[in-house]
Amino acid sequence: MTTTLNFDASDPFVLLESTARLTTTAVYACALLAIKKVLNPVAPVYKYCLISVTNILTTTCQYEALKYVSFPVQTLIKCAEMIHVIVWGTLIMQKKYKGFDYLEAFLVTLGCSVFILFSGRRRC
C-alpha cells in the first residue's frame, strides 16, 4: 500500500532545505561579485531558458510521481541510478568501466527487480 506524502510549510526540514538553497544562492552570487569576471553567455539566452524550463518540469513530474511510490521502492530506484550513469557514460562519453562496475550495476538491477516483483506476495 502506498501513501501520499504531504509536505507542510511549517515542517523544519522543509524550512531547512529552502534556507540551504537560499544560502547557497547568496554565497554563489557573492563569489561571482568578488571575482568581478564578466560572464557572457556562449549560447543565446532563449536556449538557456528552454533548458531551465524543461529541468523545472522534469523535477516537478519526478516529485509528483514519487508521491505514489512507497519509500523502499524510492530507495531502490535511487540506488539503481548507477545503471543510467554507466549506460550513458559508455554510449555518450565513451568511458571504459571495470568489469566489477558492470557486475555491481547488474546485481543492483537484479536486486531491485526481485524486490519489486516478489515483495507483494505472501508466503504460505
Side-chain angles (χ1 to χ4, degrees):
M1 180 175 156
T2 59
T3 58
T4 303
L5 301 175
N6 295 320
F7 296 104
D8 184 11
S10 64
D11 183 11
F13 292 111
V14 173
L15 293 175
L16 179 66
E17 181 180 345
S18 41
T19 305
R21 286 183 183 179
L22 181 62
T23 304
T24 303
T25 304
V27 168
Y28 186 68
C30 290
L32 284 177
L33 290 173
I35 62 172
K36 297 179 182 177
K37 184 178 178 184
V38 178
L39 299 175
N40 293 328
V42 178
V45 176
Y46 74 90
K47 290 189 177 183
Y48 287 111
C49 292
L50 180 64
I51 291 171
S52 177
V53 168
T54 57
N55 190 17
I56 290 169
L57 288 174
T58 56
T59 302
T60 303
C61 291
Q62 172 189 0
Y63 283 117
E64 285 298 315
L66 286 176
K67 289 180 182 178
Y68 304 101
V69 179
S70 67
F71 181 74
V73 173
Q74 288 179 23
T75 305
L76 288 171
I77 290 171
K78 292 283 186 181
C79 291
E81 192 172 325
M82 72 172 88
I83 299 162
H84 308 300
V85 171
I86 288 178
V87 169
W88 285 111
T90 303
L91 294 178
I92 294 176
M93 304 296 289
Q94 274 89 41
K95 286 188 175 182
K96 301 286 183 189
Y97 294 98
K98 296 177 184 173
F100 182 74
D101 293 332
Y102 290 108
L103 176 66
E104 196 173 43
F106 172 75
L107 292 175
V108 168
T109 305
L110 182 66
C112 290
S113 301
V114 168
F115 179 82
I116 291 171
L117 290 174
F118 299 108
S119 65
R121 296 185 181 173
R122 295 181 182 257
R123 295 184 181 188
C124 296

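No hydrogens, no waters, no symmetry mates; every other heavy atom, side chains included, goes into these values. Just so it is clear, the model here is predicted, and its values are computed rather than measured.
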Sequence neighbours excluded, every pair satisfying side chain to side chain donor-acceptor pair (under 3.5 Å) that has a member inside residues 52-64: Glu64-Lys67

Neighbour count >12 (heavy atoms, 6.0 Å) for atom CZ, Phe106: no

Whichever hydrophobic residues join Val85 through chains of side-chain contacts under 4.5 Å: Ile86, Tyr97, Tyr102

Residue from Leu50, Ile56, Ile51, Leu57 passing side chain to side chain contact (heavy atoms under 4.5 Å, CB included) with Val53: Leu57

Residues that Thr23 engages under side-chain contact (heavy atoms from CB on, under 4.5 Å), provided they are two or more places apart: Thr19, Val27

Nearest-0.5 Å distance, NZ of residue Lys96 to CG of residue Asp101: 13.5 Å

4.5 Å side-chain heavy-atom contact, Thr90 and Lys95: no

Counterpart residues, side-chain contact (heavy atoms from CB on, under 4.5 Å), relative to Ile35 (two or more places apart): Leu32, Lys37

Side-chain hydrophobic cluster, 4.5 Å single linkage: members besides Tyr46: none

